[in-house]
Amino acid sequence: MRPKVTLYIATSLDGHIAGVDGGLDWLPQISPEGEDYGYADFYADVDALVMGRTTYTLAQGFGDWPYAGKPVYVYTHRELDAVPAGVTAIADEPAALLARLQAEGARHVWLVGGANVVQDWMAAGLVDALILTVVPVLLGSGIALFSGIDPQRLVLTDCKRYPDGLVQLRYTCG
C-alpha cells in the first residue's frame, strides 16, 4: 500500500501561501498559550517530508533545522547548501518519489510546499488529504497555492475554529 500524502499548510483567506516577495510576515506568531494547531500530533505521525527548494531555504532560516530526525526530500536542480542530516536533493517525478518512499517503508508523507511542488503532486493525483490552516488576512497577491490546477472535488472531514481567528479545514481528496 502506498504512503498517505498530506498537504499541511497555512494559507491566507484568499489562497496565498506567501506574499509577492515570498515573505511570510503575514503569518501569526505562535500564541502565548502554546497552541500549535495540531502540528505536534501531525508531525509525530509523519515518516518523510517533501518540499521545494524555496521552502527548504526558508526553513533553513528558522535557526535549528526544524525537521531533524525525519527524511526530507527537496525538489531542486541545483546543489543544496549546508545540508542537514537526512536531507536529499531530488528531481524525480512525484510518482517515482512516492514509489521510492514506499520502498523505504514510509507510511505517511508530509507535502510541505511550495506551490509548484503542491501543484505537481495534486496534478498527479497523489495527494490524499489536505489540512489547510486559514489565516484571516487578505494578501491580494502573492504566491497562490492552487494556481493552475485542474478542478478537484474535496470532501470536508473536519473544521476547527481557534480563538485567534484561524480556521483549520481538513479534507480528503475525492
**Q** So Val112 and Ile9, side-chain contact (heavy atoms from CB on, under 4.5 Å) or not? Walk me through it.
**A** CA-CA 7 Å; Val112 180; Ile9 199 165; over 6 Å; no

**Q** Determine the minimum heavy-atom distance between Leu156 and Asp158, stating which atoms define it.
**A**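 Closest pair (atom of Leu156, atom of Asp158, distance): CD1-O, 3.3 Å.
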
**Q** Could you pull out every donor-acceptor pair under 3.5 Å between side chains of residues 123-132 and any protein atom, sequence neighbours left out?
**A**
residue, atom, partner, partner atom, Å
Asp128, OD1, Arg2, NH2, 2.7
Asp128, OD2, Arg2, NH1, 3.0
Asp128, OD2, Arg2, NH2, 3.4
Asp128, OD2, Val5, N, 2.8

**Q** Could you grab the distance from atom SG of Cys173 to atom CZ of Arg153, nearest 0.5 Å is fine?
**A**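 It is 12.5 Å, given to the nearest 0.5 Å.
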
**Q** Grouping I, L, V, M, F, W and Y whenever their side-chain heavy atoms are under 4.5 Å apart, do Met51 and Leu97 come out in a common cluster?
**A**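 No, because Met51 and Leu97 fall into different hydrophobic clusters, even though each may have its own neighbours under 4.5 Å.
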
**Q** Does atom CG of Asp21 have more than 12 heavy-atom neighbours, drawn from other residues, nucleotides or ligands, at distances under 6.0 Å?
**A**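 Buried by this count: over 12 neighbours within 6.0 Å.
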
**Q** With side chain to side chain donor-acceptor pair (under 3.5 Å) as the test, would you mind laying out the steps for Asp36 and Tyr43 before giving the verdict?
**A** CA-CA 11 Å; Asp36 76 347; Tyr43 189 73; over 6 Å; no

**Q** Which atoms form the tightest heavy-atom contact between Gly114 and Thr55, and what is the distance?
**A**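 Looks like N-OG1, 3.1 Å.
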
**Q** Hey, is the main chain of Met122 close enough, under 3.5 Å, to the side chain of Gln152 for a donor-acceptor pair?
**A**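 Yes.
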
**Q** Would you name the heavy atoms of Asp81 and Tyr56 that are closest together and state the gap between them?
**A**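 Reported closest heavy-atom pair: O-OH, 3.2 Å.
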
**Q** Spell out, as yes or no, whether a donor-acceptor pair under 3.5 Å connects the side chain of Gln119 to the backbone of Leu145.
**A**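 Flag set: sc Gln119 to bb Leu145 pair under 3.5 Å.
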
**Q** If Ile, Leu, Val, Met, Phe, Trp and Tyr residues are connected whenever their side-chain heavy atoms lie under 4.5 Å apart, and connections chain through other members, are Phe146 and Val20 in the same group?
**A**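 No, no single cluster joins them.
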
**Q** Say whether, by atom type as modelled, one donor and one acceptor occur between the side chain of Glu35 and the main chain of Tyr37 under 3.5 angstrom.
**A**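 Flag set: sc Glu35 to bb Tyr37 pair under 3.5 Å.
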
**Q** Kindly say whether Leu49 contributes a backbone atom to a donor-acceptor pair with the side chain of Lys70 at under 3.5 angstrom?
**A**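 Side chain of Lys70 to backbone of Leu49, a donor-acceptor pair under 3.5 Å: no, none is there.
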
**Q** Name all residues meeting the side chain to side chain donor-acceptor pair (under 3.5 Å) criterion together with Asp45; count only those two or more places apart in sequence or in a different chain, and write none if there are none.
**A**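 If we apply the side chain to side chain donor-acceptor pair (under 3.5 Å) test to Asp45, skipping adjacent residues, the hits are His108.
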
**Q** To the nearest 0.5 Å, what is the distance between CZ on Arg100 and CG on Asp92?
**A**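 One finds 6.0 Å between CZ of Arg100 and CG of Asp92.
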
**Q** Between Phe42 and Tyr8, how do the two ring planes meet: parallel, tilted or perpendicular, split at 30° and 60°?
**A**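 If you compare the ring of Phe42 with that of Tyr8, the planes turn out parallel.
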
**Q** Grab the two heavy atoms, one from Tyr162 and one from Gly38, that are nearest each other, plus how far apart they are.
**A**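 The pair with the smallest heavy-atom distance is OH-N, 4.2 Å.
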
**Q** Would a hydrophobic clustering, with Ile, Leu, Val, Met, Phe, Trp and Tyr connected at side-chain separations under 4.5 Å, put Val87 with Leu111?
**A**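 No.
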
**Q** Applying side-chain contact (heavy atoms from CB on, under 4.5 Å), run through Leu80 and Val74 and close with a yes or a no.
**A** CA-CA 9 Å; Leu80 297 174; Val74 179; 4.0 Å; yes

**Q** With no hydrogens and no angle check, is any side-chain donor or acceptor of Asp14 less than 3.5 Å from a backbone partner on Leu138?
**A**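 The answer is no, because no donor-acceptor pair under 3.5 Å joins these two groups.
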
**Q** Do you know which two heavy atoms are closest between Gln102 and Pro3, and how far apart they sit?
**A**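 Smallest interatomic distance, heavy atoms only, reads CB-CD, 3.6 Å.
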
**Q** In chain order, what residues pass the side chain to side chain donor-acceptor pair (under 3.5 Å) check against Asp47, with sequence neighbours excluded?
**A**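 In terms of side chain to side chain donor-acceptor pair (under 3.5 Å), with neighbours along the sequence ignored, Asp47 is linked to Arg107.
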
**Q** Please assess Val50 against Val109 for the test side-chain contact (heavy atoms from CB on, under 4.5 Å), listing each intermediate value before the final yes or no.
**A** CA-CA 7 Å; Val50 175; Val109 176; 3.7 Å; yes

**Q** For Ala115 versus Ile17, what's the shortest heavy-atom pair and its separation?
**A**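 Here Ala115 and Ile17 meet closest at N-CD1, 3.7 Å.
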
**Q** Nearest 0.5 angstrom please: Ser12 OG to Leu24 CG, how far?
**A**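 So the gap between those two atoms works out to 11.0 Å.
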
**Q** State yes or no: do Tyr171 and Val134 share one hydrophobic cluster built from I, L, V, M, F, W and Y residues joined by side-chain heavy-atom distances below 4.5 Å, directly or via other members?
**A**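 Yes, one cluster joins them.
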
**Q** Walk me through whether Asp120 and Tyr75 qualify under side-chain contact (heavy atoms from CB on, under 4.5 Å).
**A** CA-CA 11 Å; Asp120 289 348; Tyr75 276 97; over 6 Å; no

**Q** When hydrophobic residues are tied together by side-chain contacts of less than 4.5 Å, even through go-betweens, does Leu7 share a cluster with Val155?
**A**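 As far as the 4.5 Å side-chain criterion goes, Val155 and Leu7 are not connected within one cluster.
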
**Q** Is it true that Tyr39 and Trp110 have ring centroids separated by less than 6.0 Å?
**A**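 Here the rings of Trp110 and Tyr39 have centres that are less than 6.0 Å from each other.
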
